[in-house]
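Computed over heavy atoms, backbone and side chain alike; hydrogens, waters and symmetry mates excluded.
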Amino acid sequence: MTNEFPFEISPMFEGERVRKDDMFVELAGPKSRGFELVRAAGLDEIEDGRFNLTGPDLLSMQEGSRHPYAMIYRIAGKLVEPDLEAIVERRNHDFQNYIQGYMHLNQRYDIWVRISKDAVKKGLKSFEQIAKATMMLFKNELPFIEKIEASFITDPEEVEKQRADALKVYEARDARTKGLHDEDVDVFYGCTLCQSFAPTNVCVVTPDRISLCGAINWFDGRAAAKVDPEGPQFAIPKGEILDKVGGEYSGVNEKAASLSGGEFSRIKLHSFFEYPHTSCGCFEVVGFYIPEVDGIGWVDRDYSGSAPNGLAFSTMAGQTGGGKQIIGFLGVGVNYFRSPKFIQPDGGWDRVVWMPKNLKEKIKADIPAELLDKIPNEDEVGDLKTLRDYLEKKQHPITQRWAKEEAAPHAAPSEAVAQPAGAPLWSVPAGLPAIPQFGGGDGIKIVLKNAKITIERIILKGKEK
Amino acid sequence: MRVIAITGKGGTGKTAVAGMLIKYLTSGSGTLLAIDADPDSNLPDVLGVKVEKTIGDMREFMLQERDSMPPGTNKETLLESKVYEVLAETPRYDLLVMGRPEGSGCYCFANNLLRGIMDRVLKNYDLTIIDTAAGLEHLSRRIIRDVNELLVVTDGSRRGLQTAERSLQNL
């Protein structure tokens with residue numbers, strides 16, 4: 001495969017680095033300018049294998065010098081479409097690194113390339129050879145590319161000019177990608193990085209739901225799963241959609257059952273109260289149910305005070321973490337606030353009743369405008385009574401739920417049901433330690449719906465010896 | 001590829017030993033990478049090399065800039081490039097400073113990426129010398145995985161010897 005080129009081509013050169021002293025030239029990089037771009041074109045617009053260069057070629061560059069550098073590839077084929085451009089473009093990094101003596105780092109307008117003196121000694125004379133080798137690899141590895149041509153630029157002015165156009169292309173792509181939602185993909189990605197701490201925890205990462213540590217979005221999951229499908233990030237085929245609003249999918253449920261060791265077998269990805277997504281403990285923000293106002297407050301890791309329910313982040317994190325489905329608490333990544341499906345089965349933003357001011361500031365742009373001054377922070381509200389008054393005064397949408405609740409008939413007798421379902425459990429007055437929840441696993445879950453429990457007296461007895 | 005880690009209680013002269021070892025070994029042929037893995041970084045000064053940014057800075061950057069990165073950004077490729085940006089190149093050897101330890105966020109993913117990247121970086125050098133604090137943080141976090149030899153530096157004090165013993169146990 002490599003006979004026609006004066007350099008070897010193999011994946012074993014992938015991590016190869018060219019030291020400053022060993023380099024013939026440096027191209028683009030942090031001290032210069034450049035970009036790489038792939039564009040889809042019509043089959044009749046492209047001449048397969050054509051190469052042209054604007055600016056000085058390799059051997060007319062002085063040894064040890066640095067130059068701006070751009071690589072533009074145009075591809076065509078029956079199956080080629082603009083959405084594939086980014087995917088093909090990312091492979092430029094992989095393929096060019098197969099070339100011995102050629103180092104490629106980063107992507108888009110941050111590319112950084114070095115060519116070694118050794119490579120030149122062995123016969124590398126021109127960028128044409130690099131381009132031809134890369135194009136050959138593209139066609140070999142990505143069979144949907146029927147025709148490909150390359151234009152490289154080393155002339156500084158031309159690089160600048162085309163770079164401006166390239167930036168517009170990247171922007172348009174990003175806008176399309178941001179418009180990607182759960183419905184648009186067939187596969188979600190799971191992450192079990194935290195399982196050493198919480199053995200039953202599996203994060204399901206979707207376009208509308210970032211991992212709760214905040215580090216991994218759907219694209220990261222895809223990239224990582226591709227590189228190491230048996231590693232901590234892996235594909236979860238969606239399967240059938242079982243609940244559109246709550247976000248429940250048959251494929252996800254199957255994976256949940258097998259990876260949690262049977263601990264739970266249903267996940268509603270966007271639900272707070274019904275089969276919520278589990279948490280490990282690394283989440284950035286924890287949501288907590290406040291029964292007194294039937295709303296949900298949120299606390300981020302950096303907030304050191306107590307929430308209106310009297311609990312601190314760390315206490316609630318202790319309740320929520322550990323990889324179990326705990327109703328009443330939910331750990332999420334900050335980015336989840338930006339999701340169009342943010343707790344949608346439970347009312348989304350209309351259910352948010354409290355947030356520390358630093359967190360609010362961080363996501364200000366994503367809070368619906370009409371709610372901005374209706375959600376209090378720690379300066380405005382410090383306890384439950386003040387919270388209720390505040391929400392009442394500001395006419396927060398949550399007050400409509402109160403009206404509905406009061407209109408409904410009082411206290412139906414409690415039902416004991418043999419399967420878990422959604423209603424929130426009893427409220428814990430601030431100050432008392434949290435009552436341990438009935439967990440999953442052994443025996444029956446008892447669910448109380450619309451029950452009002454009054455206790456006249458609690459008698460604490462020491463254990464019979 | 002050979003990796004030597006030098007550890008010991010602060011103040012016993014380990015950075016001096018590291019520095020002198022590096023100077024001595026670079027008089028031969030072969031490529032050498034020096035890594036300062038002590039959060040209280042001293043090696044660049046001892047070697048007379050100016051280092052602007054550290055790997056810790058780059059790891060923070062990955063966390064801080066997370067939401068402003070273009071949606072499909074390949075974080076591994078980006079972090080790898082950042083590691084090379086902070087790598088200081090001198091005529092005889094290259095120098096990497098690990099820098100500050102983790103902040104309050106979640107670093108599992110960043111560290112996972114870093115592990116793979118450091119594996120690949122080290123493969124480019126015949127010899128790597130790591131000046132590390134007694135806690136062996138980066139080694140215990142397995143960011144740098146394969147150490148062939150451990151040099152433990154101590155003075156004659158009892159505490160120095162205790163620290164030395166603990167370093168061996170930690171490994």
Q) Under 6.0 Å from the CZ atom of A/Arg91, do we count more than 12 heavy atoms belonging to anything else shown? A) yes
**Q.** Which of B/Lys75, B/Glu80, B/Lys123, B/Lys82 touches chain A most, by non-hydrogen pairs under 4.5 Å
**A.** B/Lys75
Q) Do other residues, nucleotides or ligands put more than 12 heavy atoms under 6.0 Å from A/Lys117 NZ? A) yes
Q. Above 12 or not: heavy atoms from other molecules or residues under 6.0 Å from CZ of B/Arg2?
A. no
Q: With a 4.5 Å cut-off on heavy-atom pairs, point out which of A/Phe283, A/Phe219, A/Trp218, A/Tyr170 contacts chain B the most.
A: A/Phe219
(Q) Looking at every heavy atom in both A/Arg17 and B/Tyr84, which two are closest together, and how far apart are they? (A) CD-CE2, 2.5 Å
Q: Search all heavy atoms of B/Glu85 against all heavy atoms of A/Pro30 and return the closest pair with its distance.
A: CG-CG, 3.7 Å
Q | For A/Arg108 against B/Pro70, the heavy-atom pair lying closest together | A | NH1-CB, 3.4 Å
Q: Kindly compute the distance separating OG1 (B/Thr77) from NE2 (A/His93), expressed to the nearest 0.5 Å.
A: 4.5 Å
Q) Shortest non-hydrogen contact from B/Thr90 to A/Asp21? A) O-OD2, 4.2 Å
Q.
Less than 4.5 Å to any heavy atom of chain A: does that hold for the side chain of B/Leu79, its backbone, both, or neither?
A. neither
Q.
Given heavy-atom pairs under 4.5 angstrom as the criterion, report whether the side chain, backbone, both or neither of A/Arg176 touches chain B.
A. neither
(Q) Taking CD in A/Glu81 as the centre, count heavy atoms belonging to other residues, nucleotides or ligands within less than 6.0 Å. Is the count above 12? (A) yes
Q | A/Arg338 portion near chain B, given a 4.5 angstrom heavy-atom threshold | A | side chain
Q. Between B/Ile117, B/Val121, B/Leu63, B/Thr73, which has the largest tally of heavy atom pairs under 4.5 Å with chain A?
A. B/Thr73
Q. Side chain, backbone, both or neither: which part of A/Asn335 has an atom under 4.5 Å from a heavy atom of chain B?
A. side chain
Q | Residue, of B/Asp119, B/Thr31, B/Asn74, that accumulates the most heavy atom pairs under 4.5 Å with chain A | A | B/Asn74
Q. Between A/Glu16 and B/Asn124, which heavy-atom pair has the shortest distance, and what is it?
A. CA-OD1, 3.4 Å
Q) Atom CZ in B/Arg66, atom CD1 in A/Ile210: separation rounded to 0.5 Å? A) 6.0 Å
Q: Name the option with the most non-hydrogen atom pairs under 4.5 Å to chain A; the candidates are B/Glu89, B/Arg120, B/Glu76.
A: B/Glu89
Q: Go through the atoms of A/Glu284 and report whether side chain, backbone, both or neither lie under 4.5 Å from a heavy atom of chain B.
A: side chain
(Q) Given heavy-atom pairs under 4.5 angstrom as the criterion, report whether the side chain, backbone, both or neither of A/Glu171 touches chain B. (A) neither
**Q.** Which atom of B/Leu78 lies closest to which atom of A/Asn106, heavy atoms considered
**A.** CD1-ND2, 3.6 Å
Q.
With side-chain contact (heavy atoms from CB on, under 4.5 Å) as the test, pick out the partner of B/Ser81 among A/Ile111, A/Asp110, A/Leu105.
A. A/Leu105
